[in-house]
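Here's the structure, in structure tokens; my notes come after.
First listed ligand is number 1; within each ligand, the first listed atom is number 1.
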Amino acid sequence: MFSNKENFKQAFLQKLEMMCGKSFGESTKRDQFSTLGNMVREYISTEWINTNECYRTSKGKQVYYFSIEFLLGRLLYHNLLNLGIEDVVKDGLKDLGIDLCALEEIESDAGLGNGGLGRLAACFMDSLASLNLPGHGCGIRYKHGLFEQKIVDGYQVELPEQWLRHGHVWEVRREDLAVKVPFWGSVDCKEENGELLFRHIDAETITAVPYDMPIVGYKTETVNTLRLWNAEPSAYPVHKDILKYKRDTELVSEFLYPDDTHDEGKILRLKQQYFLVSASLQSIILSYKKQHQCLHAFHEHISIHINDTHPVLAIPELMRILLDEEGMGWDEAWHITVNTISYTNHTTLSEALEKWPVRIFQPLLPRIYMIVDEINERFCQHLWEKYPGEWKRIESMAIIAQDQVKMAHLALVGSYSVNGVAALHTDILKKREMNSFYQIFPGKFNNKTNGITHRRWLLKANPLLASLISEGIGDDWIWEPNKLIQLRKYEEDRSFLQQLFQVKQQNKTRLASRIKEKTGLVVDTASIFDIHVKRLHAYKRQLLNILHVMYLYNRLKEDSSFQMHPRTFIFGAKASPGYYYAKKIIKLINTVADKVNEDVMTKEKLKVVFLENYRVSSAEEVFPAADISEQISTASKEASGTGNMKFMMNGALTVGTLDGANVEMMEKVGSDHLFIFGLTAEKVMEYEQQGGYHSLDYYHHDKRIRQVVDQLINGFFSDVDGEFEPIVDSLLMENDQYFVLRDFDSYVNIQKQAERTYENQDQWLKMSLRNIAASGYFSSDRTIREYAEDIWKIKSI
Ligand code: 26V
């Protein structure tokens, strides 16, 4: 049906009538979208079945990627592209008077993630399938993904996100594969033939129903599975408040949690984590047992990867299955478990490391708690033998201490591999944050620098650039992104560089019209598009950026001879609903925007745009349109970053600190091809440990700083009295934890340098080209190959 345009058109019209019960003439865009979606999903089915059959018979090792977040975005165009049928469909629809791009916009983003961590999981799914690797995702089918952000009067307002309102064409409900997950109750222990047997009794069970999504590899026959679990009531117990039971049950897969500390201790979040892990392990073992009699060689056939500590209960849950259900002894069960599980750490920020109070954990998961307790006892015993008498050290490394279960410690002890997500980050884990564990398990630690799928972030998001590249070097880069390096032969080719410029301008025009449509603001496409998009966190320093904007504004107002190239500063960021400080920064950005955009004296030079509800689908319009990429976290705080890579691949130049993967980007492209400023991670950590930084000194001695900080509270923004006091307090009274004022001067200078470079168009374009050429390394295909070879030991089929 997708073999040629005519067949497609005929099949489409027929399907539409059958599905919607109306004629083509009466159909809405949504009818057309569902029709196409269903046709594509059905088309995928054969290969999906074949892939599964192939995995069953080949008996090769498989990996399951456990993640509490999968930030997929839209799938229609992505699937068409990967299936290689986008042209047939586009042309066929065009004949029918339908614009494929317009249909694409009907689809809601599957926004089942907060930011980098969830998007990484989605990129990994694409790379696994595209490399024909046997790897599947396991997650939760949240009814509501990350909240929808509205900006009202400059403030963030959150609305429940509704991606399932019109159904989701890509999923298949597999009721036949439902399993039960037990909570609460108690543990019954009895002796049989001299052995202790444990049983979880009086539990309240929740039914987990899988919804499977096909993950289509790029022009291959592989279709892997992303299995998302839905929480539903089990057969209704007799003596219960049925409505309450139904509500409580469904709540487990109702919401994705926004990442903030204020939610810590929320019982529901822990329920979600066990729900994911227990349902996924049950389904893995069910299918494993169809091919194997027992689980003695489980770890040789199955690898389970845990994306951060959220799914770390996979460790005690696998132990429970092996001990209680398979009747294995502790040592064998432990051997299998440790050799099955691998773990990625995504942050060194201690406030972000998960801990659960025993008083919550133990009653909710009584048998799992017993097992964690036993793991802890044995680990502490081992520590005691190694470090006799060193109580302090042992307490600091224990899995359970001070009535808290430390999830990262459990992950470190119960897995065979622990990786960071960029070289610098892994180094910091080894040398500092997790040094005591590194000393006992040096062989477990390794680095896997993050990557992004170049298929979504270049080929799909930036078709103009993709075609220009293919005209220049052929299309091999789509399969081997390292070949992008061949673009360097155009470094001195003015006509190629001019085409690169034209592509950027067209992408800027596309974004400008989106900005006009959403905000009414007209932005100048000849201005520098300086873009800062990511979650809002103090450490990511959106504040530094906006203070710089205020500084530029002051210069323009006060000094008529001050020259600057026009710039459009574009922000996109969601703050966690409970993150008070982050929300203040959003209000500040919008307040500055209002002031600056209206000022007739400066509006030709300076514009500030806040993009509401930044998400995967808007990201796809943003990255291709950027001239400057803001990657300005306090060095040592950003584990890797992946937006940095998306900008680079789309030819933006980075203004950034030596943090996360920026360091490796610099190594690949050469230090002359990005704009690095600010403290090094080393220096930041030295200040943190030894002191020596006094933010007030910078306030007093730098009059640019004094001016902008004062303006936050001196009536400069007339109608928001007192609004920004907490920001001033953080900078002056709390000694500026993220070194914003310390890096201010260096930031102003590098921005000036970036601007001068932009004005030398040849040089800029050449640098841009060099960035694209060097970005191949940051394809998630490279990352996934490393995971497959070094950690999971899985092979392509
Ligand atoms: C969570 C929290 C919660 C409490 C407040 C502070 C805070 C800070 C960070 C986080 C995020 C934790 C995990 C995470 O999302 N890490 C991100 O993972 C990306 C993929 O590896 C990586 O590129 C980002 O640098 C990293 O922040």
Side-chain angles (χ1 to χ4, degrees), residues 65 67-71 112-125 127 146 256-266 269 305-312 343-355 407-408 411 418-426 428-429 433 447-453 457 533-542 573-583 585 619 629-648 656-665 681 737-738 778 780 783-784 786-787:
Y65 195 83
S67 180
I68 205 88
E69 303 186 3
F70 284 92
L71 188 42
L112 310 183
N114 272 285
L117 176 146
R119 183 55 230 177
L120 186 75
C123 285
F124 281 4
M125 290 297 108
S127 286
L146 188 64
L256 164 75
Y257 271 71
D259 60 343
D260 64 329
T261 36
H262 307 271
D263 282 324
E264 231 189 304
K266 281 270 175 73
R269 169 85 177 185
H305 198 87
I306 58 174
N307 194 24
D308 215 318
T309 56
H310 320 128
V312 75
Y343 155 62
T344 298
N345 172 285
H346 293 269
T347 184
T348 54
L349 296 180
S350 52
E351 68 268 33
L353 293 178
E354 285 195 297
K355 300 179 191 80
M407 306 303 246
V418 175
N419 74 278
V421 289
L424 174 69
H425 170 59
T426 302
I428 292 173
L429 289 179
E433 261 16 82
N447 177 58
K448 294 286 166 285
T449 298
N450 281 167
I452 56 167
T453 167
W457 297 109
V533 286
K534 48 184 79 244
R535 279 300 287 265
L536 215 141
H537 270 297
Y539 83 81
K540 295 180 188 281
R541 298 201 296 192
Q542 283 94 350
K574 289 182 181 178
S576 245
Y579 194 169
Y580 176 76
Y581 186 78
K583 289 179 142 181
I585 307 284
S629 155
E630 298 276 351
Q631 306 300 333
I632 62 176
S633 53
T634 309
S636 80
K637 306 296 178 197
E638 189 70 272
S640 160
T642 43
N644 46 2
M645 302 166 186
K646 294 165 197 164
F647 279 113
M648 179 190 193
T657 48
L658 281 178
D659 200 16
N662 297 353
V663 177
E664 287 154 88
M665 282 165 45
Q737 193 188 345
Y738 294 105
F778 299 100
S780 48
T783 314
I784 280 296
E786 292 178 5
Y787 276 92

Mind checking whether Asp308 contacts ligand 1 via backbone (N, CA, C, O), side chain (CB onward), both or neither, at a 4.0 Å heavy-atom cut-off?
side chain
In terms of atom number and element, which parts of ligand 1 are under 4.0 angstrom from non-hydrogen atoms of Ala639?
25 (O)
So, Thr348 versus Glu433: side-chain donor-acceptor pair below 3.5 Å or not?
no
So, applying side-chain contact (heavy atoms from CB on, under 4.5 Å) with Lys534, which one of Gln542, Lys574, Glu630 is it?
Gln542
Checking contacts here: is it the side chain or the backbone of Tyr579 that comes within 4.0 Å of ligand 1, counting heavy atoms only? Could be both or neither.
neither
Within the 6.0 Å centroid threshold, strictly below: His305 and Tyr787
yes
Val421 neighbourhood, listing ligand 1 atoms whose heavy-atom distance to it stays under 4.0 Å
21 (O)
Is the shortest N/O to N/O distance between Gly641 and ligand 1 below 3.5 Å?
yes
Indicate whether the side chain of Ser633 and that of Asp659 have a donor and an acceptor atom separated by less than 3.5 Å.
yes
Which atoms of ligand 1 have any heavy atom of Tyr539 under 4.0 Å away?
27 (O)
Taking the side chain as C-beta and beyond, is there a heavy-atom pair between Ile68 and Asn307 under 4.5 Å?
no
Answer with side chain, backbone, both or neither: which part of Thr344 has a heavy atom less than 4.0 angstrom from an atom of ligand 1?
neither
For Ser67 and Glu69, test the side chains for any donor-to-acceptor distance below 3.5 angstrom and give the result as yes or no.
no
Based purely on interatomic distance, does Asn450 place a nitrogen or oxygen under 3.5 Å from a nitrogen or oxygen of ligand 1?
yes
Any N or O of His537 that comes nearer than 3.5 Å to an N or O of ligand 1?
no
Indicate whether any N or O donor in one side chain lies under 3.5 Å from an N or O acceptor in the other, for Thr344 and Asn419.
yes
Decide whether an N or O pair under 3.5 Å exists between Glu351 and ligand 1.
no
Within-cut-off N or O pair, Thr347 and ligand 1, under 3.5 Å
no
Within the 3.5 Å criterion, strictly below it, is a donor on Asn447 or His425 matched to an acceptor on the partner's side chain?
no
